[in-house]
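Input: a single structure, listed below in structure tokens.
All chains are named by letter (A, B, ...) in the order of the sequence lines, taking the proteins before the strands, and each is independently numbered beginning at 1. For the numbers below, each heavy atom of this structure counts, side chains included, while hydrogens, waters and symmetry mates do not.
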Amino acid sequence: MMMPNDPTLSATQSIGYVVGGGLKENLNIRLTIPAQKVLEGSFIVVESGDWLFYGIATDLLLGATDPRFADEQSGARLPPQLANLLHGQTLFTNLVMLPALMLEQGPDMDSRHYSAWRAAIDAGEKEEPRPLPVKTLPAHHSPARLAGKEDIAQIFGKPEEKWNFVIGTTREQNHPVCVNMEKLIQRSAGVFGATGTGKSFLTRILLAGLISHDRASVLVYDMHNEYGLDDTASDTGQNVIGLRTGFGRSKVQLVGLGSSASIRGTRPDFNLVFSYSDILPEDVELLTRELNLRETTPATLEALVHSFSPAGWFKAFREMKVDAVVDEDGRQVPAPGSVADWANENGINEMAAKALHSKLKRLFNKEYLVEQPPTDSFQDLIEVLKKGKHIVLSFGDFETDLDYLLVSNLLTRKIRAAWGEMTNQFRAHDGAEPRQLVIVVEEAHKLLNREMASQTTFSTIAREMRKYYVTLLVIDQRPSRIYDEVMSQLGTRICGWLGDDDDISAVLSGLSGRDALRGMLARLQAKEEVLMLGWGVPMPILVRSRRYDQDFWKAVKGAKREDIDMNKSINTLWPG
Amino acid sequence: MKNIHVGRLLRANIRGCVAGCQVSQDFPDFGALVVIPLGEQFKIFGLVTDIHIDDDGLVRQLAAAENVPDEVIQDNRLNRNIPVEMSVIFIGHARGETISHCLPPHPPLSLDSMLECSDELLCAFTGAGRFGYLRHLLNAEDIPTADLLATHLSQAGNAQAAAGNSSWLTDATREVITLLRDDHATLSGVLGAIADIMPAQQTKNLGAIK
């Protein structure tokens with residue numbers, strides 16, 4: 001559905017005036033134009049004296065000076081023109097505006113006070129005006145209008161400014177709305193939306209922005225093999241360009257899980273294989289639900305580590321047999337080197353050890369776990385990321401939750417350790433500053449739910465923010481299943497349509513004005529509109545997201561070329 | 001068109017007056033704008049809110065009598081001692097060329113002349129200011145507010161439209177609605193009266209804007 005986009009409604013045209021409200025209860029604006037010309041989520045500007053107040057429309061309410069005017073159908077009793085006049089004066093629509101920011105615009109430029117105001121700023125006696133969280137209110141009858149291009153640029157930045165990436169446009173007037181990539185990566189971020197609301201496309205757009213701006217390396221855990229190579233849109237059947245295709249191998253590397261990985265018939269740039277020694281007991285404990293492990297597991301694992309060392313327990317346990325032999329007395333006893341034999345020797349319940357061994361067989365035979373990997377693929381991966389390239393880790397045929405949980409957690413733990421070491425060296429003046437890294441986690445609730453969050457490295461990363469130069473970009477359709485503590489740490493939240501009340505509450509957790517924003521999330525137009533909010537954006541805003549198509553890629557590549565040309569020009573003018 | 005003499009004042013106060021005239025003479029319609037000049041520079045404006053014809057003893061006898069000849073009835077009508085009385089509500093005044101929609105500072109005196117305003121003066125008075133005079137009509141008690149407003153709007157609207165100000169009627173009606181929007185009963189009555197009194201052609205002009 002196309003939204004009303006009235007070309008006659010210019011950015012300077014008043015849409016109404018302030019009739020009441022407060023900081024806690026939002027502002028009420030009496031509309032002087034038909035209600036259909038303004039939609040929920042519109043970016044509204046109120047001018048009051050020397051200040052501009054920015055906010056979004058969170059509700060529209062029908063009102064009447066007397067309820068009887070609304071009840072009676074006076075059009076049937078009065079001539080149409082008279083009835084219209086009556087309705088115009090007695091029936092009205094109030095727009096509820098959630099005020100977010102205020103900006104001092106100073107006296108009118110033609111005013112005699114303007115030069116003194118400007119001079120004070122230029123002399124450093126007064127701060128250059130910048131958007132501030134709203135702390136006061138516009139006066140009664142202050143005029144309100146829809147935000148213009150300049151207003152959007154003032155709050156969200158201009159597209160041509162460094163680190164700014166156009167994520168979409170405002171719905172009514174199609175003005176570009178930017179996300180600051182520098183700020184986006186300072187804290188973990190989230191992309192949410194119910195199934196089929198364009199979450200994957202939005203993520204592709206965001207990742208393309210991150211990669212093209214090159215402020216951070218990106219590691220995508222591509223569980224469903226949809227981000228690296230070209231795909232076909234399930235609804236339109238059109239080709240969807242993958243990140244690897246779009247940016248090329250020099251920028252984005254495709255990594256396959258397992259030694260013989262193949263992603264839709266394409267060989268990856270290199271394969272990721274782990275050594276048995278990489279598996280720690282906590283990696284197994286994390287799979288408690290997937291493997292249906294018993295409560296005796298931690299004790300058994302601890303004994304295994306005690307017997308065979310942290311690096312050797314997995315291999316040793318894998319090689320244990322479950323055979324039994326008949327002793328001299330004709331009794332069946334555990335064979336030497338068997339699980340039962342080891343359990344008996346170490347005071348572990350034999351049945352518990354056997355059960356664990358049986359359940360871990362699902363891991364023992366994984367192709368991506370080998371005793372001696374041919375190359376140190378983890379180190380290769382680290383080097384690629386350190387060099388500023390980006391990686392899409394495709395899970396290929398290993399699409400089960402077991403594979404996803406094990407590999408993503410194992411890899412993230414190792415990455416976190418590597419980046420932690422680099423950070424410590426940097427802080428000890430013994431190394432270069434680590435390259436910022438963004439880890440993209442799909443189906444995040446599987447790793448960040450209440451039960452798992454405390455055990456995984458992901459929640460640690462979410463809490464630490466940029467301390468160790470690693471942040472997360474979590475993508476999920478059920479944000480209510482993500483642990484509250486993790487959700488509250490997400491800086492930028494970009495959200496498509498959500499229907500479930502709990503999911504809506506989760507996305508809005510920890511944010512002011514969440515009651516006003518709640519209804520908006522439930523009424524977003526799927527595949528077109530997203531709500532951006534949180535610490536990473538100056539104020540909540542409803543955006544019509546960009547189309548992920550050939551034009552998008554032309555724009556992304558064009559922007560890259562412009563950067564390159566500018567660098568070239570600078571180097572030519574000021575060599576060295 | 002000139003202002004026409006329509007009577008002389010019988011009694012007055014700050015808010016209004018009653019004027020009398022002969023039956024034989026033309027007297028203004030209900031809702032007409034009248035003016036009472038007080039010297040060269042000062043005028044008081046008002047609207048005719050009522051026209052009443054009182055009885056006397058002879059009229060009562062004639063009303064009760066049978067077979068009263070037409071000549072007697074005509075004679076009694078035209079040569080009666082008691083004048084036709086017109087109640088007027090004051091809605092503004094003028095000092096020189098300056099029109100004010102406030103009540104006059106002092107009332108006119110008995111036997112002062114009252115004139116019916118020409119269309120030109122009607123347009124000048126109703127076009128001055130921002131319809132402030134309407135409050136006197138809305139606040140007054142014991143006058144038929146709905147019909148008076150409707151009649152006045154119709155008369156003034158026609159005069160303004162003839163003078164090229166077709167939006168006046170829209171603006172005035174909007175002002176009436178604004179003033180009465182918290183009083184559903186009165187506003188419904190006024191709008192009903194407007195719908196009844198104004199010809200269809202005139203209500204079509206209600207949508208006109210500047």
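The environment of CG in B/Asp26 is sparse: at most 12 heavy-atom neighbours from other residues, nucleotides or ligands sit within 6.0 Å. Within 6.0 Å of CG on B/Asp142 lie no more than 12 heavy atoms contributed by other residues, nucleotides or ligands. By the 6.0 Å contact criterion, CD on B/Glu40 is open, its count of non-hydrogen atoms from other residues, nucleotides or ligands being 12 or less. The number of heavy-atom neighbours closer than 6.0 Å to CZ of B/Arg77, taken from other residues, nucleotides and ligands shown, is 12 or below.
Put simply, the side chain of B/Val34 does not reach to within 4.5 Å of the side chain of B/Met86, judged on heavy atoms. At a threshold of 4.5 Å between non-hydrogen side-chain atoms, the residues A/Pro176 and A/Pro159 count as touching. Residues B/Glu85 and B/Arg11 form a side-chain contact, since some pair of their non-hydrogen atoms from C-beta on lies under 4.5 Å apart.
Each of B/Asp182, B/Asp183, B/Ile177, B/Val176 has some count of heavy-atom pairs under 4.5 Å with chain A, and the biggest count is that of B/Ile177. Highest contact tally toward chain B, considering only A/Asn84, A/Thr90, A/Leu86, is held by A/Leu86 [criterion: heavy-atom pairs under 4.5 Å].
Closest non-hydrogen pair, B/Val88 versus B/Gly46, comes out as CG1-CA, 3.6 Å.
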Side chain to side chain contact (heavy atoms under 4.5 Å, CB included) between A/Asn28 and A/Val96, worked out:
CA-CA 5 Å; A/Asn28 293 322; A/Val96 181; 3.8 Å; yes
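Taking the ring centroids of B/His106 and B/Phe42, they lie under the 6.0 Å cut-off. The aromatic ring centroids of B/Phe45 and B/His136 lie 6.0 Å or more from each other.
For a heavy-atom cut-off of 4.5 Å, chain A lies close to no residue in residues 90-101 of chain B. Annotation: residues 56-66 of chain A contacts chain B through A/Thr65, A/Asp66 [non-hydrogen atoms, separation under 4.5 Å]. Of residues 69-76 of chain A, those residues with a non-hydrogen atom less than 4.5 Å from any non-hydrogen atom of chain B are, in numerical order, A/Phe69, A/Glu72.
Taking the six-membered ring for Trp and thresholds of 30 and 60 degrees, B/Tyr133 and B/Phe125 have ring planes inclined between 30 and 60 degrees apart.
Here A/Glu47 pairs with A/Arg145 in a salt bridge; the nearest charged N to carboxylate O distance falls below 4.0 Å.
Considering only residues two or more places apart in sequence or on other chains, B/Arg15 meets the salt bridge (Lys or Arg N to Asp or Glu O under 4.0 Å) condition with none of them.
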